[in-house]
Each structure stands twice: as C-alpha cells, then as structure tokens.
Amino acid sequence: SLTVARAEYKMGKMLYDEYMKQDALDLLNNSEQFFGNAFAERSLAENLMAACHLVLGDYENAEICLQNSLSFAENGHYSKPRLKALNNYAVLYQLKGEYSKALDCLKSTVDDLEISDAKRVLFYLNLGDLYVDKNEMDSAAFYYHLLESSLTDPNVKIETKASAYGALSHFTELQGDNATALQYLKEYEKNASAILASREQKSIYRIQKQFDYESLQNAMNEKIISRHRIIIIISALLLVAAIVIMALQHKQKRL
C-alpha cells in the first residue's frame, strides 16, 4: 500500500505541474489515505492538495488540508514538511488579506530554513511580496535586496527566478525606477520563455514517445499477422500432405 501511495503521489505531482489540478487532487487524496503512519509523506500530500485548492480558489478546503499537513509534520517533528505547510499558510492568509497572520507564518519558518540561498530565496520573495501588499516599502526593499543577491545561486529553480524577477520588476516600477524595472522585466521574460520552451520540448518528447510506441505496436502486429499467415500456410500444407498420405495408404490397402 505504501508503494501505491508513493506512486499516486508522484502521479498527482506530475498532474499538478501540468496544471491539471482537479485530476491531481483525486490521486493525492488516494495517496494520503494509503500512507498510513508515514506522517512526513502524509504531510507533503496534504500540502500539495492545499496548493491545488489554492489555485482553484477553494480557500476553505485549502485551509483544512494545511491544518492536516501541519499536524502531521509537527507530530513527527519533520522540518521540511512543516516549512512547506507554513509557506502555503502564508500564501493563503495573503490571498485572504490577513497580512499579520501571513507574516507570523513566514517568520516562524526562519529556524527551519537551510543555509543555502536556494532554500532562502522563496522566503525572501514571499516576505517582499507581503510587505508590498502591506504598503511597507522599506521592509519590502530590504527583503527584495536579499532576494536579488540570492538569485546567483545555481541551485535556484528557473520557475523561482521567473517569479522573483517579475516581483522585482513590479516593485521597482512602483518606486518609479522604470529603467531598472525594464531590466528585471527582460530577465523575467527570458526565464519565462525558457520555461515555456522546456514544457514544449517535454510535450514534443511525450508525443514522440507515444508515436514511437504506436509504431512499434504496429510493427509487432504486422509480425504477428505474418506469423499467423505462415502458420496457416504450414497447417494447410500439412493437411494436404496428410490427405495425400491417407489416400496412398488406402490405395496400398486395396492393392
């Protein structure tokens, strides 16, 4: 059952990445039930379900899933699932306009953050966005500065870089620095184009693999049909030979 749960979680995550949120929810819900006492994995499954609900605009179910995710993470003392749950809690509160709660969630993740900039970059991005929404531009500038310096880390995902440059462009435009905003916008578009190209390449690869599979299946079917024809011909020849032998034996008996 644990193997099934992990397989369904992976499939659900793939569907989530392909923007098929409702289909992802069905698989993730099944996987969460099969995980049993694997609380870290149950926490991650509930967290991803919450992310699906957030994208679909279902804040009520998103909060239920986040409560479950945080509960599983804290019961098992798992820092990574707890960090993910708190980050999504902050997103939920920010979307609902409850900025103080969102800020508390983000600040409570500091102790769980790893040293590498690749892990901290989302923390800086979320705090910067939150302070912009609160119209506290000095605090936003502080965290956006940390964010920009973190983007040089090669381990930062390209999707994160695109989001970061988009946020930096929006912030500098609000500050009246249109030239810098344009530079950030170009970086955003470059990363966004790379993401789209990668997804198109993956789609082409999947289509090609499907075509290759169908071609292989057709070739195998032709071989099977060819073998069946050979078997039928051999069977017919054997039948004719048997009839001839029987006729000869009958003639010999008469003689």
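Side-chain atoms are counted along with the backbone in the values below, which use heavy atoms only and exclude waters and symmetry mates.
The neighbour count for Phe34 CZ, taken as heavy atoms of other residues, nucleotides or ligands under 6.0 Å away, does not exceed 12. Surrounding CE of Met14 are at most 12 heavy atoms belonging to other residues, nucleotides or ligands under 6.0 Å away.
A salt bridge is defined here as a Lys NZ or Arg NE, NH1 or NH2 lying under 4.0 Å from an Asp or Glu carboxylate O, and Lys186 with Glu189 fails to meet this definition.
One side chain, Tyr144 or Asp129, offers a donor N or O that lies under 3.5 Å from an acceptor on the other.
At distances below 3.5 Å, at least one donor-acceptor pair connects side-chain atoms of Ser31 with backbone N or O atoms of Leu28.
Summarising the geometry, atom CD belonging to Glu8 is positioned 11.5 Å from atom OG1 belonging to Thr3; distances are rounded to the nearest 0.5 Å. Expressed to the nearest 0.5 Å, how far CG of Asp58 lies from SG of Cys52 amounts to 11.0 Å. Between the CD1 atom of Ile231 and the CG atom of Leu238 there is a distance of 11.5 Å, given to the nearest 0.5 Å. The CG atom of Leu127 sits 6.5 Å away from atom CG of Leu103, with the distance rounded to the nearest 0.5 Å. Between atom CZ of residue Phe35 and atom OG of residue Ser43 there is a gap of 11.0 Å, rounded to the nearest 0.5 Å. Residue Tyr16 holds its OH atom at 8.5 Å from NZ of Lys13, rounded to the nearest 0.5 Å.
Within the 4.5 Å cutoff, no side-chain heavy atoms of Leu48 are placed close to those of Leu44. Contact annotation: the side chain of Gln67 approaches that of Tyr89 to within less than 4.5 Å [non-hydrogen atoms, C-beta and beyond]. Two residues are said to be in side-chain contact when any heavy atoms from C-beta on lie closer than 4.5 Å; Leu70 and Arg82 meet this criterion. Put simply, the side chain of His145 does not reach to within 4.5 Å of the side chain of Tyr124, judged on heavy atoms. When side chains are defined from C-beta on, His53 counts as touching Leu25, because their heavy atoms get closer than 4.5 Å. No side-chain heavy atom of Val240 sits less than 4.5 Å from a side-chain heavy atom of Leu237.
Side-chain heavy atoms closer than 4.5 Å link hydrophobic residues (I, L, V, M, F, W, Y) into clusters, and following such links, even through other members, never connects Leu92 to Leu56. Linking ILVMFWY residues whenever their side-chain heavy atoms come closer than 4.5 Å, directly or via other members, places Met11 and Met20 in the same cluster. Linking Ile, Leu, Val, Met, Phe, Trp and Tyr whenever their side-chain heavy atoms come within less than 4.5 Å leaves Leu54 and Met49 in two separate clusters. Leu27 and Leu2 end up in different hydrophobic clusters when Ile, Leu, Val, Met, Phe, Trp and Tyr side chains are linked at under 4.5 Å. Under a hydrophobic-cluster definition in which Ile, Leu, Val, Met, Phe, Trp and Tyr are linked whenever side-chain heavy atoms come within less than 4.5 Å, directly or via other members, Tyr131 and Tyr165 are assigned to the same cluster.
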Inset, instruction - Test side-chain contact (heavy atoms from CB on, under 4.5 Å) on Glu173 and Asn178 and set out the steps. - result: CA-CA 5 Å; Glu173 186 179 4; Asn178 293 327; 4.0 Å; yes
Inset, instruction - For side-chain contact (heavy atoms from CB on, under 4.5 Å), just list the numbers for Met137 and Asn135, CA-CA rounded to whole Å, side-chain angles, deciding distance to a tenth of an Å, and then say yes or no. - result: CA-CA 6 Å; Met137 296 305 180; Asn135 200 30; 3.5 Å; yes
Inset, instruction - Would you please test Phe39 and Glu74 for side-chain contact (heavy atoms from CB on, under 4.5 Å) and show each step? - result: CA-CA 9 Å; Phe39 293 120; Glu74 290 179 343; over 6 Å; no
Inset, instruction - Begin with the C-alpha distance, continue with both residues' side-chain angles, and end with the deciding distance and a verdict on side-chain contact (heavy atoms from CB on, under 4.5 Å) for Leu151 and Leu168. - result: CA-CA 12 Å; Leu151 294 176; Leu168 289 168; 4.2 Å; yes
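Summarising the geometry of Ala90 relative to Ala102, their closest heavy-atom pair is O-CB, 3.5 Å, with the distance given to 0.1 Å. Minimum heavy-atom separation, Glu32 to Phe72: OE2-CE1, 3.5 Å. Between Leu106 and Phe123, the shortest heavy-atom contact is O-CE1, 3.1 Å. Ala181 and Ser169 make their closest contact through O-OG, 2.9 Å (heavy atoms, listed as atom of the first residue, atom of the second, distance). Across all their heavy atoms, Gly12 and Ala24 have their closest contact at O-CB, 3.3 Å. Heavy-atom minimum distance, Asn47 versus Ala85: OD1-CA, 3.4 Å.
A distance of 6.0 Å or more separates the ring centres of Tyr184 and Tyr188.
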Between side-chain atoms of residues 94-101 and protein atoms elsewhere (two or more places apart, or another chain), which donor-acceptor pairs fall under 3.5 Å?
residue, atom, partner, partner atom, Å
Gln94, NE2, Asp133, OD2, 2.6
Glu98, OE1, Lys101, NZ, 3.4

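Scanning for salt bridge (charged side-chain N to carboxylate O under 4.0 Å, His left out) contacts around Lys134 gives Glu136, with sequence neighbours left out.
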